[in-house]
Amino acid sequence: MEVTIGALRIGVLASGRGSNFQSIIDAVSEGKLSAEIAVLITDNPAAFAIERARKHNIEHLVVSPKEFSSADAMYTKIADELKSRNAGLVVLAGFMRIVGKPLISAFPNRIMNIHPALLPSFPGLHGQKQAIDYGVKISGCTVHFVDEGMDTGPIIIQAAVPVYHDDTEEALSERILKLEHKIYPEAIRLFSEGKLQVDGRIVRITG
Ligand code: GRF
């Protein structure tokens, strides 16, 4: 049996602005989340997330896809970097790639993602625009565990917002993002307290 001592260590993967990364940093520094952010790994050397890591003295690594002969080789490297830092949870925060098998099998039900729509509706890119174009009246965001599909893993938490008939993609994205910043740290907190039980597709929140 694996014995974990001390606070949960989190590895964050991000490709861009990193506002969800920031919400996790803030939840940790405000004491709402008892965890340590061990490392930020990014595939984009220009990601603003790197500035956020620097500001908060969080180690960051740039893993450039072009340095690897295959996606599997890259995800093996990422998994090794995370394991060597004793990460207990991997958090995708705007990581703009489909996670490869070597990483998924190294962290089964230990990788989370946030998606800006109510899954299983509107997976993939531009979830907010897809919702507007379809004409739904409610959309939102979903935190889920990552499996090999595109936004298909077991759902942990969702939050809903209204969609207005004259909404723009920007306005809806902003409305959704506010909730993303609440539910992502909350999902991580539940995980860190051992309150998420995964049974096939169903995630039970216990206690
Ligand atoms: C968010 O909308 C998130 O739902 C999606 O990518 C965006 C990342 O934003 N997966 P940020 O980089 O966290 O600001």
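None of the values given here were measured: they were computed from a predicted structure. Each ligand, and each atom within it, is numbered from 1 in the order the structure gives.
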Any pair counted as side chain to side chain donor-acceptor pair (under 3.5 Å), so long as it reaches residues 147-163, sequence neighbours left out: Asn113-Asp151, His115-Asp151, Thr142-Gln158, Asp147-Thr152
Side-chain H-bond candidate by donor/acceptor type, Asp43 with Ser15, under 3.5 Å: yes
Heavy-atom nearest neighbour in the protein, as seen from atom 10 (N) of ligand 1, with distance rounded to 0.1 Å: Ile114 O, 2.9 Å
Verdict with supporting geometry, His181 and Ser19, side chain to side chain donor-acceptor pair (under 3.5 Å): CA-CA 8 Å; His181 296 161; Ser19 71; 2.9 Å; yes
Nearest candidate to atom 2 (O) of ligand 1, where distance is taken over non-hydrogen atoms, out of Glu180, Met96, Gln22: Glu180
Protein heavy-atom partner closest to atom 9 (O) of ligand 1 - residue, atom, separation in Å: Arg17 NH2, 3.1 Å
Asn113 N/O to ligand 1 N/O under 3.5 Å: no
Residue, atom name and distance, where the atom is the protein heavy atom closest to atom 11 (P) of ligand 1: Ser19 N, 3.4 Å
4.0 Å heavy-atom contact, Gly18 with ligand 1: yes
Under 3.5 Å: donor-acceptor pair, side chain of Arg52, backbone of Arg17: yes
Where ligand 1 meets Gly94 - atom numbers and elements under 4.0 angstrom, heavy-atom basis: 6 (O), 8 (C)
Any side-chain heavy-atom pair of Leu196 and Ile156 under 4.5 Å: yes
Residues Glu186 and Lys32 bridged, charged N to O under 4.0 Å: no
